[in-house]
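Structure first, commentary second.
Just so it is clear, the structure is predicted and the values come from calculations on it, not from any experiment. Letters go in sequence order (proteins before strands), and every chain restarts at 1.
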Amino acid sequence: MSFRSVLSGDVRSAAIAFLGAHLVCGELRARIVETEAYRGLDDPGSHAFRGVTSRNRFMFGPAGHAYVYFTYGMHWMLNVTAQEEGIGAAVLIRAAQPIDGLETMRRNRPKASTDRGLLSGPAKITAAYRITREHNGLDLLDPASPFHIEPGEPVQEILCGTRIGLSPGRGDDLRWRYADAHALEWVSRPLQELTSLLEKIP
DNA sequence: CCTACGATTCACT
DNA sequence: GTGAATCGTAGGC
């Protein structure tokens with residue numbers, strides 16, 4: 001099953017499909033272990049909930065492209081757009097396990113004291129890969145792009161939980177956060193919600 | 001125009 | 001566990 005076909009379906013399925021995939025940029029390579037799903041139609045936690053703005057416009061574009069935004073005055077966030085054109089949806093890449101290019105990642109993340117903390121958070125990934133606004137809209141499924149996503153080993157078991165950092169009443173109760181159950185040492189924060197088998201997730 | 005705050009991280013108690 | 005750093009954006013006036 002290709003990314004393209006999964007991305008045309010529900011953004012939660014897309015978020016699950018990206019677990020185990022590789023984020024590649026030149027010599028840098030890491031395995032995605034944690035994602036979150038956001039969609040505009042019925043999800044108050046999504047930037048797309050209130051319709052198109054100049055910031056979120058890529059969420060409404062074709063699937064498989066980068067939606068990169070700046071927050072807290074200092075951090076960049078990387079998302080992969082999902083669902084059909086005209087529907088605002090994206091998958092936030094929250095954590096990854098470093099595979100290649102660790103020296104460069106360490107240089108880009110001087111404050112990380114251990115390799116486990118190199119990519120264990122959405123803003124850590126963009127710092128390590130030096131992803132910023134200029135990468136907004138990039139086609140992440142195109143190997144010719146400056147950085148892109150490749151299929152990896154399938155994930156055997158996943159955990160799901162509530163998404164991080166949402167205000168009460170803004171979708172904080174939706175369990176649209178997903179992680180590879182066998183790579184929990186690389187996630188941004190513990191998942192305390194119950195375990196779910198891959199085939200049981202919608 | 002003006003203001004509050006965020007899909008976070010880090011240092012410190 | 002708590003608070004500071006830091007600024008573009010959304011939403012209200």
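Rounding to whole angstrom units, CG of residue A:L78 and C1' of B:dT8 are separated by 15 Å. Following rounding to the nearest Å, A:R170 (CZ) and B:dG6 (P) show an atom-to-atom distance of 9 Å. Separating the CZ atom of A:R109 from the P atom of B:dT8 is a distance of 14 Å, rounded to the nearest angstrom. In this entry the distance linking CE of A:M59 with P of B:dA7 reads 11 Å, nearest Å. In this structure, NZ of A:K111 is placed 17 Å from P of B:dT8, rounded to the nearest angstrom.
With respect to the salt-bridge test (charged N to carboxylate O, under 4.0 angstrom), the residues A:E153 and A:R31 do not qualify. Under a 4.0 Å N-O distance rule, the pair A:R163/A:D43 qualifies as a salt bridge.
Listed nucleotides: C:dT6, B:dA7, B:dT9. Nearest to the side chain of A:Y67: B:dA7. Across B:dT8, C:dC7, B:dC10, the shortest atom-to-atom separation from the side chain of A:K124 is found for B:dC10. Residue A:Y72 has its side chain nearest to B:dG6 when only B:dG6, C:dA10, B:dT9 are considered.
Where stacking is scored as ring centres under 5.5 Å apart with planes under 30°, A:Y69 does not register as stacked on the base of B:dA7.
Looking only at atom types and distance, the side chain of A:Y67 has a donor-acceptor partner in the side chain of A:H47 under 3.5 Å away.
Between C:dG1 and B:dA7, the two P atoms lie 22 Å apart (nearest whole Å).
Close to B:dA7, at under 4.0 Å from its OP1 or OP2, lies a side-chain N or O of A:H47.
Distance check, rounded to the nearest 0.5 Å: CG of A:L174 to CZ of A:R12 gives 8.5 Å.
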